[in-house]
Protein chains: 2
Amino acid sequence: MSDNNKETPQLLLENQICFPLYAAANAVVRAYRPLLEKLDLTYLQYIVLMVLWEEETLNVKSLGQRLRLDSGTLTPLLKRLDAKGYVERRHSEIDERIRVISLTKQGKALKSRAEGIPHELVCTVGLSATKGRELKEICDELIRALAD
Amino acid sequence: MSDNNKETPQLLLENQICFPLYAAANAVVRAYRPLLEKLDLTYLQYIVLMVLWEEETLNVKSLGQRLRLDSGTLTPLLKRLDAKGYVERRHSEIDERIRVISLTKQGKALKSRAEGIPHELVCTVGLSATKGRELKEICDELIRALAD
DNA sequence: GGCAACTATATTGCGCACAATTTAGATTCG
DNA sequence: CGAATCTAAATTGTGCGCAATATAGTTGCC
């Protein structure tokens, strides 16, 4: 334990925990790409729509809190979803600063077309349900630990 | 099992495995940022240097295989590391197509300054060694499953 | 009412990721 | 030898992520 450094040198890529996490996240986004191409969506756009399929309507801030992303990422992304005709971006009438994001008819219609995607991905990955749960738990713990 | 959909609808963010993975990877890169700022490095630049601290010299392709990244990502990154004076990018004399990347004296010197960083991060995260190992294993499995 | 502090979103700029293409050099094989 | 094929790296273009800053609009307080 005290001669930890000799046994597992910290600066070897082999011994990193974060790098596999980082590489796995890239790999997953890459794996989603061909499945989402049919819907003309990127991975993050798909995630944003997933929130909207639940909530119908919401503003940039609460979306950002949910996904841990800021307006610098979300504003241009929402403009692209708008350009594709999947969402609308209205100004709140109560508070002009707030952008109210809502699904268009086309945006709602995408939901049924997306239904099969998570299962398709699970199949190509072939991760057991147990390991999937473990992964989710550890990642959630990490996220909580690193929140602000 | 057959009415899986009713019990855990696939299109709820809450039920996603990949999203926590994605968000955790972002969180980790974010957490590294202030630690790496002192060395004038981004997370990926740090990872690339880590490979070079092991290998002394290598070309773009083998670096890319190691990190699962392509020349579109690596070429500009290596140019930036070059501009910072941490690496050199020579053409191989045997095969002019190949770029041989090697550490400069300054690049080598960074290693000792980076020594404390992994431990610093582990502390802010506070993930147990067991869970760290589990996370690494599952991510490695995911990466293998999604390779090409 | 009016001004200071605050808040929500937008903008700018940089550095990844990666698909698609281009460029230049190496290899193969008739 | 030399054209076709292959290969390594570079380039181009799009879309994140996010820090830093800017722009409006709102609220609080005198």
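Proteins come first, then strands; the chains are lettered A, B, ... in the order of their sequence lines, and each starts at number 1. Quantities reported herein were computed from a predicted structural model and do not represent experimental measurements.
To the nearest angstrom, C1' of D/dA10 lies 10 Å from NE2 of B/His91. The interatomic distance linking A/Leu63 (CG) with C/dA10 (P) rounds to 12 Å, in whole Å. Taking atom CG of B/Leu67 as the reference point, atom P of C/dC16 lies 12 Å away to the nearest angstrom. To the nearest angstrom, P of D/dA10 lies 10 Å from CG of B/Leu74. In this structure, B/Leu69 atom CG and C/dC16 atom P are separated by 10 Å, rounded to whole Å. Rounded to whole Å, the distance from CG on B/Leu41 to C1' on C/dC16 is 14 Å. Rounded to a whole Å, the CZ atom of B/Phe19 is 13 Å from the C1' atom of D/dC16. Distance, A/Tyr43 OH to C/dC18 P: 14 Å, rounded to whole Å.
Looking at every heavy atom in both residues, B/Asp40 comes nearest to B/Gln45 through O-OE1, 4.0 Å. Pairing each heavy atom of A/Gln16 with each of A/Gln10, the nearest pair is NE2-O, 2.6 Å. Heavy-atom minimum distance, B/Gly85 versus B/Gln106: O-CB, 3.6 Å. A pairwise comparison of heavy atoms in B/Val51 and B/Arg66 identifies CG1-NH1, 3.7 Å as the closest pair.
Checked by atom type and distance alone, the side chain of B/Glu54 pairs as donor or acceptor with a backbone atom of A/Leu13 at under 3.5 Å. No donor-acceptor pair closer than 3.5 Å links the side chain of B/Lys108 to the backbone N or O of B/Trp53.
Side chains of A/Ser92 and A/Asp95: a donor-acceptor N/O pair is absent below 3.5 angstrom, by distance only.
Contact between the side-chain N/O atoms of B/Arg99 and the OP1/OP2 oxygens of D/dA8 is not found at any separation under 4.0 Å.
Against DNA chain D, the stretch residues 50-59 of chain B makes heavy-atom approaches under 4.0 Å through B/Asn59.
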Checklist entry - Is there a salt bridge (charged side-chain N to carboxylate O under 4.0 Å, His left out) between B/Lys136 and B/Asp140 once you walk through the steps? => result CA-CA 6 Å; B/Lys136 179 170 157 47; B/Asp140 282 337; 3.2 Å; yes
Considering only nitrogen or oxygen atoms on both sides, find all protein atoms under 3.5 Å from nucleotides 11-15 of chain D and state each distance.
| residue | atom | partner | partner atom | Å |
| --- | --- | --- | --- | --- |
| D/dT11 | OP2 | B/Lys79 | NZ | 2.5 |

Short heteroatom pairs, N/O only, protein and nucleotides 23-26 of chain C, under 3.5 Å:
| residue | atom | partner | partner atom | Å |
| --- | --- | --- | --- | --- |
| C/dG25 | N2 | B/Arg97 | NH1 | 2.8 |
| C/dA26 | OP1 | B/Glu96 | N | 3.3 |
| C/dA26 | O4' | B/Arg97 | NH2 | 3.4 |

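Annotation: ring-ring contact (aromatic ring centres under 6.0 Å, His included) contacts of A/Tyr86 (sequence neighbours excluded): none. Residues satisfying the ring-ring contact (aromatic ring centres under 6.0 Å, His included) criterion with A/Tyr46, sequence neighbours excluded, are A/Tyr32.
Other residues sharing the hydrophobic cluster of A/Val100, ordered by chain and number and joined by side-chain separations under 4.5 Å: A/Ile98.
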